[in-house]
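Quick note: numbers below take in every heavy atom, side chains included, and nothing from hydrogens, waters or symmetry partners.
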Amino acid sequence: MMQLSVPLNFIGFIYREIRQGLTDIEQMFDLLDVPQEVVDKPDAKPLAIANGKVEFRDVHFAYDAARPILKGISFTVPAGKTVAIVGPSGAGKSTISRLLYRFYDIQQGAILIDGQDVRDVTQKSLRAVIGMVPQDTVLFNDTIAYNIRYGRVDASEAEVEEAAELAQIAHFIEALPDGYETMVGERGLKLSGGEKQRVAIARTILKAPPILILDEATSALDTHTEQEIQTSLDLVSRGRTTIVIAHRLSTIIRADEIIVLRDGLIAERGSHTHLLKEKGLYAQMWDRQREATEAEERLRIARESD
Ligand code: ATP
């Protein structure tokens with residue numbers, strides 16, 4: 001009995017120490033809902049950001065060796081430009097954003113930012129230059145101000161409010177009895193998908209990163225909310241290197257390049273107009289979405305005239 005209790009106490013002690021030290025990191029990973037699988041190289045240097053060019057060079061990746069997800073993907077996002085990634089569900093779109101953030105290491109190829117391999121730089125410096133607006137933002141059980149300020153902890157009250165304004169969520173917050181001091185999250189006020197996404201946008205506006213990943217929500221938002229979110233996303237991505245993981249094709253018409261992923265490879269690439277002319281997978285996806293939107297619209301008009 002004695003033999004067992006000592007190591008258990010010791011493990012308990014170590015666990016508490018680690019928990020204390022890692023609270024922030026843990027919170028961040030809880031927030032992003034991903035495991036921490038990679039470690040810095042002993043000689044890892046901070047990323048030296050020049051203008052934020054992103055490059056995927058023949059990237060191969062599998063979560064599990066038996067099932068490759070990316071089978072040789074190459075593309076470049078020039079500094080300040082926007083590349084949109086589209087493709088069927090499960091094609092590996094969100095995986096691309098996780099790899100740029102280096103939540104996992106790739107099996108072959110390279111991912112470079114301003115010519116530096118993401119495996120050679122510290123994770124802290126890498127993540128400092130990338131802003132991520134995820135599909136589903138998980139909020140901390142804290143105030144709405146805290147949740148926005150998480151983007152830059154030393155931001156002033158005025159800066160938090162300005163970010164909320166730009167993300168088009170300030171009116172909503174100001175109408176709450178406790179305003180910015182309202183508790184949100186699991187144990188507080190539950191926000192809708194669109195509201196949570198706007199908190200994430202406000203957070204990213206405060207962080208002002210040179211590189212931005214927008215992972216669009218799959219969940220349907222009403223047209224008005226979608227337009228509002230689109231306006232704030234356009235604003236935050238202006239002049240920044242942006243990768244949009246797109247589910248709604250209407251939001252990426254103006255992307256500098258659209259990449260269509262299928263079965264782990266790039267099936268098509270080019271501008272919206274070019275891809276429509278190609279009459280391939282993208283053109284089919286576009287037609288299907290247009291038909292679905294038109295059907296929804298007819299249904300709405302029919303309901304309103306009842
Ligand atoms: P969607 O449009 O539905 O969001 P996606 O193209 O973004 O899909 P990913 O999330 O990149 O797809 O996932 C690609 C594939 O990898 C899927 O088949 C998924 O089940 C698998 N996958 C994703 N995350 C993991 C993980 N942590 N472990 C194992 N497999 C995973």
Side-chain angles (χ1 to χ4, degrees), residues 14-15 17-63 69-70 73-81 83 85 92 94-134 137-138 140 146-155 159 200 203-215 236-237 239-243 245:
I14 295 282
Y15 177 73
E17 286 297 297
I18 292 175
R19 270 195 79 85
Q20 282 298 311
L22 293 184
T23 307
D24 267 2
I25 301 173
E26 197 183 54
Q27 277 200 334
M28 190 183 96
F29 281 95
D30 276 355
L31 188 74
L32 295 162
D33 195 23
V34 280
Q36 190 184 16
E37 295 216 339
V38 297
V39 284
D40 282 355
K41 280 186 179 173
D43 59 347
K45 306 231 163 14
L47 174 73
I49 197 88
N51 43 24
K53 176 176 145 191
V54 171
E55 203 181 341
F56 274 58
R57 242 185 235 168
D58 190 33
V59 168
H60 291 249
F61 176 73
Y63 291 98
I69 304 292
L70 302 179
I73 300 289
S74 299
F75 66 89
T76 300
V77 196
K81 300 284 182 194
V83 165
I85 318 263
S94 299
T95 300
I96 288 184
S97 63
R98 289 179 209 130
L99 295 179
L100 180 62
Y101 221 68
R102 203 181 164 217
F103 283 139
Y104 304 92
D105 273 335
I106 57 176
Q107 279 90 33
Q108 196 184 312
I111 300 174
L112 307 147
I113 296 180
D114 285 334
Q116 298 147 88
D117 193 309
V118 296
R119 289 167 293 197
D120 294 338
V121 300
T122 62
Q123 291 170 65
K124 190 164 178 259
S125 67
L126 172 70
R127 291 169 189 174
V129 301
I130 304 174
M132 175 123 66
V133 179
T137 303
V138 182
F140 294 121
Y146 176 92
N147 272 281
I148 296 177
R149 190 174 275 117
Y150 191 74
R152 182 158 53 83
V153 287
D154 62 359
E159 286 172 320
R203 205 182 261 169
T204 310
I205 290 173
L206 269 191
K207 184 171 174 179
I211 300 168
L212 196 62
I213 301 171
L214 308 176
D215 203 342
V236 65
S237 65
R240 299 181 202 287
T241 310
T242 306
I243 297 182
I245 311 293

Residues in side-chain hydrogen bond (donor to acceptor under 3.5 Å, both in side chains) contact with [X], at least two apart in sequence or another chain:
X      : result
Thr76  : none
Gln116 : none
Thr95  : Tyr63
Lys45  : none

If you take all heavy atoms of Ser74 and Arg57, which pair is closest and at what distance?
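Heavy-atom minimum between the residues: OG-C, 3.8 Å.
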Looking at every non-hydrogen atom in both residues, tell me the closest pair between Thr137 and Arg203 and how far apart they are.
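Answer, listing the atom of Thr137 first, then Arg203: CG2-NH1, 3.8 Å.
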In Å, rounded to the nearest 0.5 Å, how long is the span from [atom1] of [X] to [atom2] of [Y]?
X      : Y      : atom1 : atom2 : result
Tyr146 : Phe140 : OH    : CZ    : 5.0 Å
Ile49  : Leu126 : CD1   : CG    : 9.0 Å
Phe61  : Ile106 : CZ    : CD1   : 9.5 Å
Ile243 : Asp215 : CD1   : CG    : 11.0 Å
Met132 : Phe103 : CE    : CZ    : 4.5 Å
Leu100 : Phe56  : CG    : CZ    : 5.0 Å

Okay, side chain of Arg127, backbone of Arg102: is any donor-acceptor separation there less than 3.5 Å?
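Yes; judged by distance alone, with no hydrogens or angles, the pair exists.
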Is it the case that the side chain of Thr241 and the backbone of Gly80 share a donor-acceptor pair, with hydrogens and angles ignored and the cut-off at 3.5 Å?
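A pair under 3.5 Å: yes.
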Residues two or more places apart in sequence or in another chain: which of them pass salt bridge (Lys or Arg N to Asp or Glu O under 4.0 Å) with [X]?
X      : answer
Asp40  : none
Asp154 : Arg152
Arg240 : none
Arg119 : Asp117

Taking the side chain as every heavy atom from C-beta outward, state whether Val59 and Ile96 have any pair of such atoms under 4.5 Å apart.
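Answer no - side chains too far apart.
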Throw together a table of side-chain donor-acceptor distances under 3.5 angstrom for residues 107-115, partners on residues two or more places apart or in other chains.
from: Gln107; atom 1: OE1; to: Ala62; atom 2: N; distance (Å): 2.6
from: Gln107; atom 1: NE2; to: Ala62; atom 2: O; distance (Å): 3.3
from: Asp114; atom 1: OD1; to: Gly52; atom 2: N; distance (Å): 3.1
from: Asp114; atom 1: OD1; to: Lys53; atom 2: N; distance (Å): 2.8
from: Asp114; atom 1: OD2; to: Ala50; atom 2: N; distance (Å): 2.6
from: Asp114; atom 1: OD2; to: Asn51; atom 2: N; distance (Å): 3.1
from: Asp114; atom 1: OD2; to: Gly52; atom 2: N; distance (Å): 2.9

Under the side-chain contact (heavy atoms from CB on, under 4.5 Å) rule, collect the residues that match up with Lys207, sequence neighbours excluded.
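Once residues adjacent in sequence are excluded, the partners of Lys207 under the side-chain contact (heavy atoms from CB on, under 4.5 Å) criterion are Tyr101, Pro209.
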Can you name the residues that form a side-chain contact (heavy atoms from CB on, under 4.5 Å) with Ser125, not counting sequence neighbours?
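By the side-chain contact (heavy atoms from CB on, under 4.5 Å) rule, Ser125 matches Pro46, Leu47, Val121, Thr122.
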Please assess Leu99 against Leu70 for the test side-chain contact (heavy atoms from CB on, under 4.5 Å), listing each intermediate value before the final yes or no.
CA-CA 11 Å; Leu99 295 179; Leu70 302 179; 3.7 Å; yes
